[in-house]
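Each chain gets a letter, A, B and so on, in the order the sequences are listed, and its residues count up from 1.
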Amino acid sequence: MNEKTDFVRDIVAEDLSTNRFQGRVHTRFPPEPNGYLHIGHAKSINLNYGIAQENPGGLCNLRFDDTNPEKEEQEYVDSIIEDVKWISGHDQQKVLFASDYFDQMYQWAVDLVKKGKAYVCDLNADQIRETRGTLTEPGKESPYRNRSVEENLDFLARMRKGEFPDGSRTLRAKIDMASPNINLRDPIMYRIVHEPHHRQGDAWCIYPTYDWAHGLEDSIEGVTHSICTLEFENHRPLYDWFLEALGIYHPQQIEFARLNLSYTVLSKRRLLQLVQGKHVSGWDDPRMPTIAGYRRRGYTPEAIRTFCEKIGVSKKDSIIDVALLEWSVREDLNKHAQRAMAVLNPLKVVITNYPENGSEELPSLNNPEDASAGTRLVPFGREIYIEQDDFREVPPPKYHRLSPGKEVRLRAAYIIRCEEVIKDGAGNIVELHCTYDPETRSGGPAANRKVKGTIHWVSARHAIEAEVRLYDRLFLTADASEGGEAGSFLGNVNPDSLTLLKGCKLEPMLLSAMPGMRFQFERVGYFCADIKDSNPGAPVFNRIVTLKDTWAKIELRGGETAARE
RNA sequence: UGCCCCGUCGUCUAAUGGCAAGACAGCAGACUCUGGAUCUGCUUAUCGAGGUUCGAAUCCUUGCGGGGCAGCCA
C-alpha cells in the first residue's frame, strides 16, 4: 500500500480499524460555483480523491455547494468540472448538486420545527446582529424564539411560498444564545432571497445557509469523512448538532490547513479583483494561480499532483515556498519535454570560413534524459543567431561563453571562435564574425576538444519567427496578500510579470507545434504553445518556468557584492 | 478580551514516551556538448518556564507567539 500518511489519513485508518463506517471510505470535494478553482483547491482535490483511491471501494463525490444564487453562475460550474477532471485525472461520471437536495432539506427543517428545535424569527439582519452578543458577551434571545410549533410551521410555509420580502424573516435553530461559540447562538438555517437559481430557476425563494446545508448534503450522500479547511473548525459543533437533532446518518468532519503560496494570492475574492481590475487577462491568464491559469501556462497535472504530495497535510497555518511548485514542474518536464533550440534575443553570427551557400543537417538529441525520444535533424548554415546574453565584449570573471578571441561550442554542432565584433554607428553590437573548426563537429574526429562553454543557436536561413511570452511571478512580495504600497495587495503586483518578445528565432521543427505542446528550449526554460493563441504555422509560446540558472545567480551575487563595496 | 486551533531547520513535512529524519531553498565541490540534469558534502530546528517519567518534540500545567470566529457568504 501507500506509505504516504498524514493526520487525516490516520483518522480514516482508525475509523476503518474500528469499523465505524462499515468499512466504507467516502469523501467529497464540494466547491461553490462562484469562481475558478485555484491551486489550493488542487490540494483538496488531491486529498479527497487520493484518500478515496487508496482505499478499496473508496468513493469521492464532486458536489457543487450551490446554496447561494446571488454569487453563483453556470460558467463557474463548467470551469470547475473541467478543472477537476484535469487535476484528478478522472472523468467525473456523476456530478452532484446540493440544490438537488433542497426538497429534502426543507422537509428536515419542518421536522426540526416540529421538534421545537427551530423557529421563524422576524428580526431583520441588523437586529439579529445586535442581539447576537459579542466575542465576550452572550447574546439576547429573540422575542420570537418561543413561538408555537403551529405558528412556526405556518410562517415557514409562507416564507417558502414567497409571501415575505427578502430579509424580513429567517428560520433559526434554537440552540443557545449564551454559547461561547458564536456559531451556536441560534444560527440561521434559511434566508429569504428572491433570486433565480442557476439550476432551480424560480422554484425557491428561501435558500439554506452553509451550516444548515452542508452536513445534510454529506449525510444524504453517505459521506464518511467530510474534509474541509480550518476556518470551519468552530462550525463542527453545529454540523454535529444538526445531524444529531435530526437523528440522521452522521459523517465525520475533519479540518486541515488551507494552502498558502509565497508570491501569490489564493482567495477567490482577491483573484476576482485581479480579473475585474484587468491586472490579468482573465481567470486563465498564465500568471494566475488558478488551475486554468496553470494549465494554460503549461504546467502538467502530474507536476501539480507531485507538489500536493510534497507539501503534506496538517493543521498548521503555513506559507509554502513557490519554489517547491516550480521545482515540481521542472522535475516532471525534465524527464518528458522534447528539447529544442530557440534564441529569444537574437545576435547574428557569420561564420566566415563556412561555405557561402552551404548548409547541413545535424542530428540532435530530443531528450538526453530519455533515450527512447530519439534524435532529430537541425539545419546549420553560415549565418546563425545566438543569444545576446551569450556574448560579452568584456567578459566578467568565470564567464564561459563567447567573447572576442574566445571559443565556445555550438550545441550539437561546431566549436567557433569570435574573430571580430561588428558595431553600428552608435556603438551597438550588431553582428559577430567567427570562424569554425570543421574537425569539431559533434561526433567528429576532434569533437572531444574541451571548451569552457556550450551555447544554443539557430540557423538564420532556416529559423522561424515566433512570439514568446515570458511570465514571472505575479507578486513582488512573499506574503502577497498583505497590504503593499497602495495599502492593498494590489500594490504588490509585479509590473514586470509579463515580458512580450516578438521576432524570436526558433528552429524550424517548432513551426508545427500543436497548441498545448511543451518543449524545453535548451539552456533557457520550459515553454508551452499557448492553447488559445498558438497555431501550427504561427506558434506562440508561454514560458512555463525557467531552467535552474546557476550563472544568473553568480552574476546577481557579483552585482550585489559590487554594490556593497 | 470569550471560545476554538496551531507552535520542530530559512520553508514545508516526519519522528505517535526511546539516536530529531526527509524534501525544497542555500552553500561548497565533482561531472557534463544544456552554467540543465546527475552525484557528493556542508550549514541550520523541537517557543519559554515548571511538572510527570529511568527517559519528553511527544503527556500535564502555565506563560508567550501565530491563526480563526461577532454574514441572512462559504
Side-chain angles (χ1 to χ4, degrees), chain A residues 5-7 10 30-32 34 65 67-68 70-71 121 123-125 128-129 132-139 166-172 179-185 187-193 206-207 209-211 213-214 228-237 255 257 262 268-269 310-328 330-331 334-335 339 341 364-365 368-369 398-401 408-413 415 440 442-443 447-456 478 520-525 546-555:
Chain A
T5 190
D6 53 63
F7 83 98
D10 288 348
E32 185 192 10
N34 67 343
D65 213 0
T67 56
N68 183 1
E70 291 175 315
K71 293 186 174 178
C121 181
L123 262 24
N124 64 30
I128 285 184
R129 189 178 336 106
R132 185 156 28 222
T134 67
L135 294 179
T136 50
E137 301 155 328
D166 286 4
S168 60
R169 269 171 243 259
T170 56
L171 182 71
R172 294 228 257 169
S179 172
N181 182 341
I182 292 179
N183 296 126
L184 263 19
R185 318 238 263 229
I188 287 158
M189 297 164 60
Y190 278 100
R191 70 277 208 183
I192 301 172
V193 180
I206 59 172
Y207 290 93
T209 57
Y210 169 88
D211 283 318
H214 206 87
C228 60
T229 44
L230 250 28
E231 68 269 27
F232 295 105
E233 213 156 18
N234 292 338
H235 294 244
R236 179 155 31 95
E255 313 85 14
S262 64
K268 284 191 196 169
R269 198 193 94 239
K310 297 225 98 137
I311 60 178
V313 178
S314 76
K315 298 190 69 154
K316 190 169 119 184
D317 276 301
S318 61
I319 301 180
I320 306 286
D321 191 341
V322 72
L324 183 58
L325 211 211
E326 294 169 349
W327 174 86
S328 303
R330 290 194 190 103
E331 168 83 356
N334 175 48
K335 293 188 190 110
R339 310 289 130 125
M341 289 207 279
S364 190
L365 250 28
E369 303 294 317
K398 292 184 185 167
Y399 190 74
H400 292 171
R401 309 174 186 181
V408 277
R409 167 166 293 282
L410 296 177
R411 170 123 247 232
I415 292 173
T440 57
S442 292
N448 291 333
R449 217 176 92 208
K450 298 288 178 222
V451 282
K452 277 184 294 188
T454 298
I455 63 174
H456 60 281
Q520 184 198 95
F521 290 176
E522 293 211 43
R523 301 206 313 130
V524 180
T546 60
L547 246 28
K548 205 163 89 182
D549 192 344
T550 309
W551 170 246
K553 210 181 286 175
I554 292 170
E555 238 191 349

Chemist: Between B:rU13 and B:rC47, how many Å separate the two P atoms, rounded to a whole number?
Modeler: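 To the nearest whole Å, 14 Å.
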Chemist: If you check every side-chain atom of A:Ala323, which of B:rU1, B:rA25, B:rA74 has the closest atom?
Modeler: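 Selected nucleotide: B:rA25.
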Chemist: In whole Å, what separates the P atom of B:rG36 from that of B:rG29?
Modeler: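 Result for the P pair: 14 Å, nearest Å.
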Chemist: Round to a whole Å and report the spacing from CD of A:Glu233 to P of B:rG68.
Modeler: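 These atoms are roughly 13 Å apart.
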Chemist: Quick one: classify the glycosidic conformation of B:rG71 as syn or anti, with syn meaning within 90° of 0.
Modeler: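 Base orientation: syn.
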Chemist: Is it the case that the side chain of A:Arg185 and the backbone of A:Ser179 share a donor-acceptor pair, with hydrogens and angles ignored and the cut-off at 3.5 Å?
Modeler: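 Answer holds: yes.
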Chemist: Taking atom P in both B:rU40 and B:rU46, what distance in whole Å separates the two?
Modeler: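 After rounding to an integer number of Å, I get 28 Å for this pair.
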Chemist: Side chain of A:Asp317: nearest nucleotide among B:rC73, B:rG66, B:rC24?
Modeler: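 So the side chain of A:Asp317 is nearest to B:rG66.
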Chemist: For nucleotides B:rU1 and B:rC64, find the distance between their P atoms and express it as a whole number of Å.
Modeler: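 So the two P atoms sit 9 Å from each other.
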Chemist: Are OP1 or OP2 of B:rA74 and a side-chain N or O of A:Thr67 less than 4.0 angstrom apart?
Modeler: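 Indeed, a polar side-chain atom of A:Thr67 lies that close.
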Chemist: Give A:Thr209 one of three labels, base, sugar-phosphate or nothing, depending on what nucleic acid heavy atoms sit under 4.0 Å from its own.
Modeler: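 Contact class for A:Thr209: sugar-phosphate only.
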Chemist: Is there a donor N/O on one and an acceptor N/O on the other, under 3.5 Å, for the side chain of A:Arg129 and the base of B:rG71?
Modeler: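 Such a pair does not exist between side chain and base.
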Chemist: So what does A:Glu137 touch, heavy atoms closer than 4.0 Å: a base, only the sugar-phosphate, or nothing?
Modeler: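 Contact class for A:Glu137: none.
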Chemist: Within the side chain of A:Ser262, is there an N or O that forms a donor-acceptor pair under 3.5 Å with the backbone of A:Val322?
Modeler: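 It does hold such a pair.
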Chemist: Polar-atom pairs under 3.5 Å, protein N or O versus N or O of nucleotides 13-16 of chain B: list them with distances, or write none.
Modeler:
{"unit_1": "B:rU13", "atom_1": "OP1", "unit_2": "A:Ser314", "atom_2": "OG", "d": "2.4"}
{"unit_1": "B:rU16", "atom_1": "O4", "unit_2": "A:Asp10", "atom_2": "OD2", "d": "3.1"}

Chemist: Toward the 5' end of RNA chain B, which comes first, A:Arg236 or A:Ile319, by nearest nucleotide?
Modeler: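 That would be A:Arg236.
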Chemist: Do side-chain atoms of A:Arg409 reach the backbone of A:Ala447 as a donor and acceptor pair under 3.5 angstrom?
Modeler: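 Present.
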Chemist: Determine, stepwise, if the pair A:Glu32 / A:Lys71 fulfils salt bridge (Lys or Arg N to Asp or Glu O under 4.0 Å).
Modeler: CA-CA 9 Å; A:Glu32 185 192 10; A:Lys71 293 186 174 178; over 6 Å; no
Chemist: So if I take every side-chain heavy atom of A:Pro368 and compare against B:rC27, B:rG35, B:rG36, which nucleotide ends up nearest?
Modeler: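 Of the options given, the side chain of A:Pro368 lies nearest B:rG36.
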Chemist: Suppose we screen for side-chain contact (heavy atoms from CB on, under 4.5 Å). Which residues come up paired with A:Phe232, at least two apart in sequence or across chains?
Modeler: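 Testing A:Phe232 for side-chain contact (heavy atoms from CB on, under 4.5 Å), a comparison that skips the adjacent residues, returns A:Tyr210, A:Cys228, A:Thr229, A:His235, A:Gln253.
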Chemist: For the residue pair A:Asn183 and A:Asn234, what are the closest heavy atoms and their distance?
Modeler: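 It is OD1-O, 3.1 Å.
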Chemist: So, under a plain 3.5 Å distance rule, would you say the side chain of A:Glu369 forms a donor-acceptor pair with the base of B:rU38?
Modeler: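 Not at all, since no donor on one side and acceptor on the other fall under 3.5 Å apart.
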Chemist: For B:rA74, is there a stacking contact with A:Tyr210, counting only centres under 5.5 Å and planes under 30°?
Modeler: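 One would not call A:Tyr210 stacked on the B:rA74 base.
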Chemist: What distance, rounded to whole Å, do you find between the two P atoms, one in B:rU58 and one in B:rU53?
Modeler: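 Their P atoms lie roughly 16 Å apart.
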Chemist: Taking the nucleotide of RNA chain B with the closest heavy atom to each, which residue, A:Lys452 or A:Ile182, is nearer the 5' end?
Modeler: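 In this pair, the answer is A:Lys452.
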Chemist: Would you check if the side chain of A:Asn124 reaches a backbone N or O of A:Gly167 as a donor-acceptor pair within less than 3.5 Å?
Modeler: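 No.
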Chemist: When you measure from the side chain of A:Arg339 to the backbone N and O of A:Ser364, does any donor-acceptor pair fall under 3.5 Å?
Modeler: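 No, the answer is negative, given that no donor and acceptor are paired below the 3.5 Å cut-off.
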Chemist: Output the single nucleotide from B:rC72, B:rG35, B:rC69 whose closest atom is nearest the side chain of A:Arg191.
Modeler: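 From the listed options, B:rC72 comes nearest.
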Chemist: From the list B:rU34, B:rC72, B:rC24, which nucleotide is the closest neighbour of the side chain of A:Ile128?
Modeler: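 The closest nucleotide is B:rC72.
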Chemist: Expressed in whole Å, how much space separates the P atoms belonging to B:rU44 and B:rU62?
Modeler: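 The answer is 35 Å between these two P atoms.
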Chemist: Looking only at the side chain of A:Asn334 (C-beta and beyond, no hydrogens), which of the listed nucleotides B:rA37, B:rC24, B:rA74 gets closest?
Modeler: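 Between B:rA37, B:rC24, B:rA74, the one nearest the side chain of A:Asn334 would be B:rA37.
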Chemist: Using the C1' atoms only, state how far B:rA56 lies from B:rU16, rounded to an integer number of Å.
Modeler: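 Here B:rU16 and B:rA56 have their C1' atoms 13 Å from each other.
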Chemist: Counting Watson-Crick and G-U wobble pairs whose two distances are both under 3.5 Å, find the runs of 3 or more in a row that involve RNA chain B.
Modeler: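 Stems (3+ consecutive pairs) listed as B:2-7 with B:64-69, B:10-13 with B:21-24, B:26-30 with B:38-42, B:47-51 with B:59-63.
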Chemist: Considering just the side-chain nitrogens and oxygens of A:Arg132, establish if one lies under 4.0 Å of OP1 or OP2 belonging to B:rC72.
Modeler: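 Result: yes.
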Chemist: Under the criterion of centre distance below 5.5 Å and interplanar angle below 30°, is A:His400 classified as stacked on the base of B:rG35?
Modeler: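 Stack criterion met.
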Chemist: Which of the following nucleotides, B:rC72, B:rA25, B:rU34, is nearest to the side chain of A:Trp327?
Modeler: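 Among B:rC72, B:rA25, B:rU34, the one nearest the side chain of A:Trp327 is B:rA25.
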Chemist: Look at A:Thr550 and B:rG36 and indicate whether a side-chain polar atom (N or O) is within less than 4.0 Å of OP1 or OP2.
Modeler: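 Yes.
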Chemist: Can you name the closest pair of heavy atoms from A:Glu522 and A:His456 and give their distance?
Modeler: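 The pair with the smallest heavy-atom distance is O-ND1, 3.5 Å.
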Chemist: So A:Asn234, base contact, sugar-phosphate only, or nothing? Heavy-atom distance under 4.0 Å.
Modeler: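 Result for A:Asn234 = base.
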Chemist: Please state the C1' separation for the pair B:rG48 and B:rC39 - nearest whole angstrom.
Modeler: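 After rounding to an integer number of Å, I get 42 Å for this pair.
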Chemist: For salt bridge (Lys or Arg N to Asp or Glu O under 4.0 Å), just list the numbers for A:Glu233 and A:Lys315, CA-CA rounded to whole Å, side-chain angles, deciding distance to a tenth of an Å, and then say yes or no.
Modeler: CA-CA 11 Å; A:Glu233 213 156 18; A:Lys315 298 190 69 154; 2.5 Å; yes
Chemist: Please check this pair: side chain of A:Thr134 against backbone of A:Thr136, looking for a donor-acceptor N/O pair closer than 3.5 Å.
Modeler: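 Between the backbone of A:Thr136 and the side chain of A:Thr134 there is a qualifying donor-acceptor contact (under 3.5 Å).
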